[in-house]
Amino acid sequence: MSLLYTLTDRLAAALGAAGIDESLGLVTPSADTRFGDFQTNAAMVAAKALKKNPREVAASILAHLQVEDLCESPTVAGAGFINFKVHESALSEAVNALRNDRSLGVEMVKKPKTIIIDFSSPNVAKPMHVGHIRSTILGDSLTRIARHLGHQVITDNHIGDWGTQFGKVIYGWKHLLHRESLEQAPIAELVRLYREVNALEENDPALKEIVRHELVKLQQGDAENLEIWKQAVVLSWKEFERLYGLLGIIFDERLGESFYNDALGPLVDRLLAEGIAELSKGAVCIFFPELPALEEKPCLIRKSDGGFLYATTDLATIEYRESRWKPDAIWYVTGSPQQLHFEQVFAAARMMGVTTDLRHIAFGSILGEDRKMMKTRSGENVELGGLLNEAIERALAVVAEKNPDLPRTDQEEIAHLIGLGAVKYADLMQHRLTDYVFSWDKMLSFQGNTAPYLQNAYVRIRSIFRKAKSEGIAEGISSIPSESSPIVISDPSERTLALQILKFGEVLHAVLEDQRPNLLCLYLYELADSFHRFYEACPILKSEDPVRSSRMALAGLTADVLKTGLSLLGIGVPERM
RNA sequence: GCAGCCAUAGCUCAAUUGGAUAGAGCAUCUGACUACGGAUCAGAAGGUUUGAGGUUCGACUCCUCAUGGCUGCACCA
């Protein structure tokens, strides 16, 4: 059990003995380390409920608090904070325990859930652009973290493979296709077809009708059009897979919109028959008279021309997932602008009897330099593939400059880890709900609070161990026996680092609680920062045993946490850089 | 018009049930370069948390109003 949990337990016991609600007893790391290592505001929270003086409540808690084996005598400060300063021996013991703990202090959830995470979802025949970054990277990171904590996660890429854009694509394919371009860069060619037909339509109303007819033929199962559609999907997937491969992302399922096609008609008919949906102005709608917020916002599931909508597919998808996986939760990782849509779909699903925890994990928009949303049609979108290639190229230039002696293949491998890590981290480090201004410089920066900074901390530690090995000092962290060479905390920077390492066990749960990987980014940055300070202040290899073994073990633990934490963000670490 | 989200340092962003003196990065300035790897570290400077009220022992955080911005609001996805 971690130091924090132990303190929490002790506090709960003291609260109970003092006749106070034990659930108020939250212990947190100190906001300001001058006051101690941990603190609790329980006295102030309790005082409010009991209408008593906070300091008096604190005193009565202290009277029952038994922590002398762990800390110096707790003190009351300010309005009623109780501060804990951990004994060096207790801190050493806690951090030593992690050396034999492969989980690094992370406890699994007690009740694992089955969670379906729906993310990325690009559209066929359109390139993935920076707008897809957040969903893709955020969804992947949440998947990794949820699995790490013991949940069962099913990832599903619900791609847009059945949109109205296919009328244009099919017409273009039949009349304007360049075979060679299609083979070289299929999505670019499909986009060209789409755009060209779009332009032609502008000046030719008759063409518009022909194009619409191509779409109708596709929907009715015309063999030729169906074949063109299939090829467009296959070709698009090939490009998507290349990007997912680069990003290290694997989907369990890739059930696009087209998969649910046959279910839409029967679903609407059934909802009508059950009285959940009704006809209104020629369209089929679900109304929510009991929800004031949605009173005037019906969910449309069939157009007056008989066509189906976004919400129809989403409802069919929920039904399918319910019957196949019986999930505890379904998470939709999509942008904030879709908030109303999901409110409607979730409300409709509840009317259909679905009790699963449906959650829209919204995120802010990526803005252009003008602080306005990057628009799909502007054509100014930065394509994801290009961004990733640029990141890798820039990283390669730096790697080649710093490590001219490394073989080219090694340089390239390292550049991949650094470049892709930088892009992922730049996105994940931000609070997911805030809009952010896209900036090449920021995405591709390798200095400051960036993935390369974290990777560099890891690389330095690995370098120390390589050197130790070559000098015959130690083979690796596992070769330092924890029994005979315990970690001993003496320098303040060691203390800070040890406390930071011990936080790892809690941070992942906090991340998943609010679906906010930026908290993990923040944690890892502070860990790397603590390590760098320690590294400057405390010579490792130049010191003598037992200090040397202690510091090596502390550094080794830091490396383990960095590597594990970064992997949960989908970011890899090189051994040198 | 209605609804949702947002407003924090020059810029980009943090801030753990409402907690102590609001923190980082970038940019600027000053130091550490015969280095356990400088993609680093030490330090300086930078703030009335958009504004006005309210609740509270305590507010960036909760409530009300105002201002400014973004997004959505019946047959696109």
Side-chain angles (χ1 to χ4, degrees), chain A residues 23-24 26 28-32 34-35 39 41 44-45 47-48 53-55 77-81 83 121 123 160 162-165 257 280-285 293-294 296-305 307-311 313-314 335-341 343 362 364-365 367 371-373 376 395 398-399 402-403 418 429-431 433-437 439 441-442 445-450 452-453 455-457 459-465 467-468 471 503 506-507 510 513-514 518-519 521-522 525-526 529 532-533 535-543 551 555 576-577:
Chain A
S23 68
L24 298 176
L26 215 66
T28 59
S30 288
D32 188 326
R34 280 171 309 174
F35 296 116
Q39 69 180 60
N41 308 329
M44 293 180 289
V45 178
K48 186 147 201 158
N53 181 312
R55 290 191 66 103
F81 299 94
N83 293 314
S121 310
N123 288 315
W162 198 251
T164 48
Q165 74 268 33
E257 291 166 357
S280 170
K281 298 178 189 171
V284 177
C285 305
L294 296 179
E296 313 228 329
K297 305 268 193 288
C299 178
L300 264 72
I301 55 174
R302 194 173 74 198
K303 299 191 281 184
S304 47
D305 70 1
F308 302 110
L309 294 115
Y310 187 23
T313 312
D314 273 355
S336 299
Q338 297 186 46
Q339 190 179 345
L340 176 61
H341 164 74
E343 270 179 44
S365 306
L367 309 176
R371 287 209 72 95
K372 296 209 169 164
M373 221 175 137
T376 316
V398 179
V399 172
K402 305 223 175 210
N403 306 275
I418 293 175
M429 70 177 288
Q430 301 187 110
H431 192 298
L433 284 173
T434 51
D435 295 347
Y436 77 84
V437 176
S439 145
D441 287 343
K442 191 169 178 183
S445 167
F446 301 150
Q447 292 189 344
N449 185 0
T450 63
Y453 176 84
Q455 290 167 325
N456 187 45
V459 163
R460 282 178 145 183
I461 297 169
R462 300 301 301 158
S463 174
I464 288 169
F465 277 90
K467 187 159 185 180
E471 292 178 2
K503 277 192 199 174
E506 296 123 43
V507 71
E513 185 82 13
D514 293 324
N518 73 310
L519 297 173
C521 293
L522 181 68
Y525 176 71
E526 285 175 351
D529 186 52
H532 276 129
R533 288 163 195 258
Y535 177 86
E536 296 284 332
C538 299
I540 298 173
L541 294 179
K542 283 177 186 166
S543 58
R551 289 178 177 170
R576 59 186 82 219
M577 65 192 278

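Only this structure's heavy atoms are used, side chains among them; waters, hydrogens and symmetry mates stay out. Naming: A, B, ... by sequence-line order, numbering from 1 per chain.
- Close to A14(B), at under 4.0 Å from its OP1 or OP2, lies a side-chain N or O of Thr434(A).
- Classification of the Tyr525(A)-Tyr453(A) ring pair by plane angle, with boundaries at 30° and 60°, yields tilted.
- In this model, the phosphate group of A42(B) is not approached by any side-chain N or O of Tyr535(A) to a distance below 4.0 Å at OP1 or OP2.
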Identify all pairs in which a protein N or O lies below 3.5 Å from an N or O of nucleotides 27-33 of chain B, and state each distance.
none

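- The nucleotide U12(B) finds its pairing partner in A24(B), both defining distances of the Watson-Crick or G-U wobble pair being shorter than 3.5 Å.
- Among the nucleotides C41(B), A20(B), A77(B), the one closest to any side-chain atom of Leu309(A) is A77(B).
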What's touching nucleotides 57-59 of chain B from the protein side, N or O pairs under 3.5 Å?
from: G58(B); atom 1: O6; to: Lys48(A); atom 2: NZ; distance (Å): 3.1

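- Judged by Watson-Crick or G-U wobble contacts below 3.5 Å, the nucleotide G43(B) has C29(B) as its partner.
- The base-pairing partner of G1(B), taking Watson-Crick or G-U wobble contacts with both distances under 3.5 Å, is C73(B).
- On the C1' atoms, G72(B) is 14 Å away from A77(B), given to the nearest whole Å.
- Between Phe81(A) and G19(B), no base-stacking contact is recorded for ring centres under 5.5 Å apart and planes less than 30° from parallel.
- Among the nucleotides A74(B), C41(B), A14(B), the one closest to any side-chain atom of His532(A) is C41(B).
- Taking side-chain N and O atoms only, Lys467(A) has no distance below 4.0 Å to OP1 or OP2 of C36(B).
- A donor-acceptor contact under 3.5 Å links the side chain of Ser280(A) to the base of A74(B).
- The partner of U48(B) is absent, by the rule that a Watson-Crick or G-U pair needs both atom distances under 3.5 Å.
- Distance alone, capped at 3.5 Å, places no donor-acceptor pair between the Glu257(A) side chain and the Thr313(A) backbone.
- With hydrogens and angles ignored, a donor-acceptor pair closer than 3.5 Å exists between the side chain of Asn83(A) and the base of A20(B).
- Checking the phosphate oxygens (OP1, OP2) of A42(B), a side-chain nitrogen or oxygen of Arg533(A) falls inside 4.0 Å.
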